[in-house]
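Residue numbers run from 1 in the order of the sequence given.
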Amino acid sequence: MAFSLRRFPARGEPGRAILLDRDAIYYIEADGDDSLIRTARRKRYPHVEPLETDERRLPSLPFFRIHRSYIVNLDRVYELRSRGMASGQ
């Protein structure tokens with residue numbers, strides 16, 4: 001089965017895939033051996049593939065692995081925050 005380059009197949013269960021517009025994906029989060037895909041409409045799609053597989057299948061830009069548990073769509077980032085730093089650092 002061929003998929004459009006603009007779509008990403010979210011495999012919620014074996015033998016079934018929901019085709020998501022890549023531009024609608026905000027981030028993908030590791031969930032054990034699987035992952036969760038968060039979209040523009042605040043929906044979360046379970047995905048039965050690990051984050052490492054998703055990282056290989058998505059274009060390196062605008063998608064970027066920011067943490068061992070997250071891949072973000074840089075086109076959807078509107079704010080950056082640092083964690084664990086004292087005020088003024």
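- For the atom pair OH (Y27) and CD1 (I66), the distance works out to 10.0 Å, reported to the nearest 0.5 Å.
- To the nearest 0.5 Å, atom CD1 of residue I25 and atom CG of residue D75 are 12.0 Å apart.
- Proximity of a side-chain donor or acceptor of R65 to a complementary backbone N or O of R68 within less than 3.5 Å is detected.
- None of I37, I18, L19 except one satisfies the side-chain contact (heavy atoms from CB on, under 4.5 Å) rule with F8; the exception is I37.
- Closest of all the heavy-atom pairs between Y45 and A10 is CB-CB, 4.3 Å.
- A donor-acceptor pair under 3.5 Å is formed between the side chain of R76 and the backbone N or O of D23.
- Between the OH atom of Y70 and the CZ atom of R38 there is a distance of 10.0 Å, given to the nearest 0.5 Å.
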CA sep, side-chain torsions, deciding dist, call: I28, H47, side chain to side chain contact (heavy atoms under 4.5 Å, CB included): CA-CA 9 Å; I28 303 174; H47 186 53; 5.6 Å; no

Audit row: F64, V77, side chain to side chain contact (heavy atoms under 4.5 Å, CB included) steps and yes/no: CA-CA 11 Å; F64 184 73; V77 173; over 6 Å; no

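- No path of Ile, Leu, Val, Met, Phe, Trp and Tyr side chains, each step under 4.5 Å between heavy atoms, connects L74 with L58, placing them in separate hydrophobic clusters.
- One hydrophobic cluster, built from ILVMFWY side chains closer than 4.5 Å, cannot hold both L61 and Y78; they sit in different ones.
- Contact detail for S35 and D54: the closest heavy-atom pair is OG-OD2, 3.0 Å.
- Distance check, rounded to the nearest 0.5 Å: CZ of R7 to CG of D21 gives 5.5 Å.
- Using a 4.5 Å heavy-atom threshold, the side chains of R22 and P62 count as separate.
- Judged as a side-chain contact (heavy atoms from CB on, under 4.5 Å), and not counting sequence neighbours, the contacts of P46 are L36.
- Among pairs with a residue in residues 24-36, those fulfilling salt bridge (charged side-chain N to carboxylate O under 4.0 Å, His left out) read E29-R44, at least two apart in sequence or across chains.
- V72 and L20 are assigned to two separate hydrophobic clusters, defined by single-linkage of ILVMFWY side chains at heavy-atom distances under 4.5 Å.
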